[in-house]
Protein chains: 2
Amino acid sequence: MTLPIKRIAESTVRRLSMYLRYLEGLDGLGQQTASSDELAQLCGTTPAQVRKDLSFFGSFGKRGLGYPVHGLTERLREILGLSHAWQVVIVGAGKIGSALAEYRGFRQRGFQVVGVYDKNPEKIGRPWGDATVRDMLALAHDVKEKHVDIAVIAIPADDAQEVVDQIVAAGIRAILSFAPTSLHVPPHIAVKTVNMAMELEGLSFALTNRGE
Amino acid sequence: MTLPIKRIAESTVRRLSMYLRYLEGLDGLGQQTASSDELAQLCGTTPAQVRKDLSFFGSFGKRGLGYPVHGLTERLREILGLSHAWQVVIVGAGKIGSALAEYRGFRQRGFQVVGVYDKNPEKIGRPWGDATVRDMLALAHDVKEKHVDIAVIAIPADDAQEVVDQIVAAGIRAILSFAPTSLHVPPHIAVKTVNMAMELEGLSFALTNRGE
DNA sequence: ATAAGTTTGTGAAGAATTTCACAAGCCTCC
DNA sequence: GGAGGCTTGTGAAATTCTTCACAAACTTAT
């Protein structure tokens, strides 16, 4: 694939993901082409932004016509690394972990949940979706053994760093955390944090300081 | 309160929220002061960034000493609008909505869940946390009646825009959406979207294009 | 074949955000 | 009370990200 020469901004990657979602929709509808303007309106951005984002990876459109919907869909899947099937473990068999397991888009998009872990003896051994909840003590070993790519952390903030240290040592390379805390990891590990409190407080701030 | 003259960047607000979380922790431990350097290390940012962020709102520290932990905590709560109790409704009584309802930090931080809504007749009328699931048809009316501030949208993407239109018309001012779609709202409405697929795809991209 | 009408791809300009660097201020110790 | 050692607050510089604007290229219509 065309190697990105420049570092790609996180905001660009997020938009690529959004373009992909809407292109899949258009593809399902049988639409042949889409202009940067159409994509921009669907995604709530600007046509120039769409073209710039895509231009980092190559030249996919035809002038006067737009982008080929199906071709660009496939191309974006490659760029985002979604041709590949990723191995995922979920750490924490609570409500959030449970909601995640039920999330359809998960497997649909090539993220295979190969294990669920918890340290609560009450939960260990219980069937849980396709898997069985396993003892957290086995986590590091399993991550190494099964070459797990991504760990989803859905446990309390206080326990998060310890677990992260273990699985980083075991060779994991990417982490999606729902723990409301900042995680310390070596620079080559990719981390995303979803922090609901932060989002709510962002809204609270907007409501408080709006309109001036 | 000191009015922010300049528009405050979203990234700044997110960091304020993080500073607050750690300051609360330090306050609980009885620590009197914290330097920008200490806060930066806790939050994974830089001292200069901490000082710049805070300086938008005033001058809270003492040179040579740092910031007063308790005072700054209170000040940040005000700035973020957390002195106020916000009225929240949750739309969608599925797994995500359920995980949200159980989320402790919710009420703890002044977000009062005053209603849960679903359009599925099977769910309507069921007790659910402190509340009872109500018919979605009552949503717009209730939002207007009870002066609800924030709606959390935890329903499928296809239904999201329609619901958003209704509650915007009913006078809601802020929306936190878990629907994987972009929402169209008037400019004075604050919207945050949490999109798990997008986060996972960001990780997939990082894993695919790392190290060059 | 030509003209008219679109739409891409992209340097360059502009805006926003982060980092730098240092004067000014405060504390502590002697 | 003066000296030394920290730490803040902040303009300015650097960097990053977005928007602009237009030549080039393609389609369609006649």
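Residue numbers begin at 1 in each chain, while the letters A, B, ... track the order of the sequences. Values below: all heavy atoms of this structure, side chains included; hydrogens, waters and symmetry mates excluded.
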Q | Short side-chain to backbone donor-acceptor contact, A:Trp86 and A:Gly81, under 3.5 Å | A | yes
Q: Evaluate the criterion salt bridge (Lys or Arg N to Asp or Glu O under 4.0 Å) for residue pair B:Glu24 and B:Arg21; output intermediate values, then yes/no.
A: CA-CA 5 Å; B:Glu24 284 173 340; B:Arg21 176 171 320 282; 5.5 Å; no
**Q.** Distance (rounded to the nearest 0.5 Å) between A:Leu39 CG and A:Thr45 OG1
**A.** 10.0 Å
Between the protein and nucleotides 20-27 of chain C, which nitrogen or oxygen pairs come in under 3.5 angstrom?
from	atom 1	to	atom 2	distance (Å)
C:dA21	N6	B:Arg51	NH2	3.3
C:dA24	N3	B:Arg63	NH1	2.8
C:dG25	N2	B:Gly64	N	3.2
C:dC26	O4'	B:Arg63	O	3.2

Q: To the nearest Å, give me how far apart CG (A:Leu54) and P (C:dT8) are.
A: 10 Å
Q: Could you check which residues of residues 13-41 of chain B get a heavy atom under 4.0 Å from DNA chain C? Sort them by number, please.
A: B:Arg15
Q. Rounded to whole angstroms, how far apart are CD on A:Glu10 and P on D:dT18?
A. 11 Å
Q: Take the protein atom CG of B:Asp53 and the nucleotide atom C1' of D:dG9, then report the distance between them rounded to whole Å.
A: 13 Å
Q.
If you compare every side-chain N and O of B:Tyr67 against the phosphate oxygens of D:dC6 (OP1, OP2), does one of them come in below 4.0 Å?
A. no
**Q.** Whole-Å gap separating C1' (C:dT8) and CZ (A:Phe56)
**A.** 15 Å
Q: Under the ring-ring contact (aromatic ring centres under 6.0 Å, His included) rule, collect the residues that match up with B:His184, sequence neighbours excluded.
A: none
Q.
Ignoring hydrogens, what is the shortest heavy-atom contact between B:Glu78 and A:Thr208? Give both atom names and the distance.
A. O-CG2, 4.5 Å
Q | With sequence neighbours excluded, residues passing ring-ring contact (aromatic ring centres under 6.0 Å, His included) with A:His70 | A | none
Q: Scan residues 190-200 of chain A for pairs that pass side-chain hydrogen bond (donor to acceptor under 3.5 Å, both in side chains), counting only residues two or more places apart or in two chains.
A: A:Glu199-B:Arg14
Q | Flag, side chain of A:Ser17 to backbone of B:Glu201, donor-acceptor distance under 3.5 Å | A | no
Q) Is the phosphate of C:dT17, meaning OP1 or OP2, less than 4.0 Å from a side-chain N or O of B:Gln49? A) no
Q: Please assess A:Arg51 against A:Ser36 for the test side chain to side chain donor-acceptor pair (under 3.5 Å), listing each intermediate value before the final yes or no.
A: CA-CA 6 Å; A:Arg51 296 199 298 276; A:Ser36 59; 3.1 Å; yes
Q: Check whether any side-chain N or O of B:Ser11 sits under 4.0 Å from OP1 or OP2 of C:dT18, and answer yes or no.
A: yes
Q: Please round to 10 degrees the angle between the axis of the first five pairs and the axis of the last five pairs in the helix from C:dA1-D:dT30 to C:dC30-D:dG1.
A: 20°
Q: Would you check if the side chain of A:Ser182 reaches a backbone N or O of B:Leu42 as a donor-acceptor pair within less than 3.5 Å?
A: yes
Q: Please state whether the rings of B:Phe106 and B:Tyr103 are parallel, tilted or perpendicular, taking 30° and 60° as the class boundaries.
A: perpendicular
